[in-house]
Amino acid sequence: MTAPDEPTVHGVQIDAQPGEVAIRLNGELLPPGQLTGYVLQHDVHGALPTLILHTRQPDSVHWAGLARVAVAEPEQDAGDSIATFLANIDPAALQQAALNRDDLDGSRHELTKATLQALADIAQGRGSS
């Protein structure tokens, strides 16, 4: 497998409701049925958001389209996705998020538990890295 190109900046418009989505990159609508899913991640204190598009046609997709855009291959290993996610976490912000949790319980592994929950919150868009 070759390394993907570095993500580039594109104008992005997403119109989504349960069961359907229309995404435009630089004003160009992606063909219906081409996407199997997408992930939009944005740290408001960071730069631009990151949009990951999961497609049915990874070899023939033309992306024209202001978010960082990365295209995930359908056969991409979940471990690779998790490793990429974790590599983008700010360790200081993660530690602070864990220490600031209001559910610390004084147990032996409370900080580990709080850190894992903070990571889950970030992954689900409820926290920031």
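Just so it is clear, the model here is predicted, and its values are computed rather than measured.
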So, taking the atom named [atom1] in [X] and the one named [atom2] in [Y], what distance separates them when rounded to the nearest 0.5 Å?
| X | Y | atom1 | atom2 | value |
| --- | --- | --- | --- | --- |
| I23 | L40 | CD1 | CG | 9.0 Å |
| Q41 | I122 | CD | CD1 | 8.5 Å |
| L111 | L116 | CG | CG | 9.5 Å |

hydrophobic_cluster_shared for L29 and V12, side chain cutoff 4.5 Å: no
4.5 Å side-chain heavy-atom contact, L94 and D90: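 No; the side chains remain at least 4.5 Å from each other.
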V21 vs L30 side-chain heavy atoms within contact, under 4.5 Å: no
Single hit among D103, D105, L99 for side chain to side chain contact (heavy atoms under 4.5 Å, CB included) with R101: D103
CD (Q95) with more than 12 external heavy atoms under 6.0 Å: no
Minimum heavy-atom distance L104-A98, with the two atoms named: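 Looking at all heavy atoms of both residues, the closest pair is CD2-O, 3.9 Å.
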Nearest heavy-atom neighbours spanning L119 and F85: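 Of all heavy-atom pairs spanning L119 and F85, the closest is O-CZ, 3.8 Å.
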Evaluation steps, side-chain contact (heavy atoms from CB on, under 4.5 Å), between I52 and Y38: CA-CA 5 Å; I52 300 172; Y38 70 96; over 6 Å; no
Test side-chain contact (heavy atoms from CB on, under 4.5 Å) applied to V39 and L53, step by step: CA-CA 7 Å; V39 177; L53 301 172; over 6 Å; no
